[in-house]
Amino acid sequence: QVQLVESGGGSVQVGGSLKLSCATSGYADSSYCIGWFRQTPGKKREGVARISIATDSTYYADSTKGRFTISRDNGKNTVYLQMSSLEPEDSAMYYCAAKPADWRLFCQSFNEYKYWGQGTQVTVSS
């Protein structure tokens with residue numbers, strides 16, 4: 001019964017900031033990974049950032065250029081994606097997804113995510 005719900009999307013001007021939230025439920029412990037992904041029409045889905053809930057280790061796609069920060073609030077079972085210096089190329093439907101962490105509680109890749117939210121739209125206009 002893993003469930004993910006994204007929120008926080010909207011429209012923002014170039015150079016602006018936006019903070020997305022991913023509320024999670026259904027996991028009995030902290031041994032899982034949360035990833036943020038994005039997709040635009042006609043393009044493949046792209047991993048943006050991911051985090052180990054247990055260890056707080058984070059990983060970022062090169063395309064973020066240091067502009068995005070993923071974080072967690074375990075008391076709220078929520079993962080955030082803070083986005084700044086937004087560009088039109090960041091416009092996409094943003095999804096969060098979950099999978100079990102590996103045996104060392106690492107989140108080694110953007111592959112094999114099993115549970116997905118419905119997405120939240122981000123539009124960056126010039």
Both conditions, 6.0 Å and 45 degrees, for the charged tip of [X] above the ring of [Y]: are they met here?
X	Y	value
Arg50	Tyr59	yes
Arg45	Tyr95	no
Arg72	Trp36	no

[X] side chain near [Y] side chain, heavy-atom distance below 4.5 Å:
X	Y	answer
Tyr113	Cys33	yes
Asp90	Arg38	yes
Ile34	Thr24	yes
Met93	Val122	no
Val14	Pro88	yes
Val79	Ile53	yes

For this session: Report yes or no: does Asp102 contribute a side-chain atom to a donor-acceptor pair with the main-chain N or O of Leu105 at less than 3.5 Å?
Result: yes
For this session: Verify whether the ring centers belonging to Phe68 and Tyr60 lie closer than 6.0 Å.
Result: no
Problem set entry | Note: Glu112-Lys99 ion pair, threshold 4.0 Å (strictly below) |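 Answer for the salt bridge query: no.
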Exercise. Under 3.5 Å, is there a donor-acceptor pair linking the side chains of Ser63 and Glu46?
Worked result: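 Distance-only check passes for Ser63 and Glu46.
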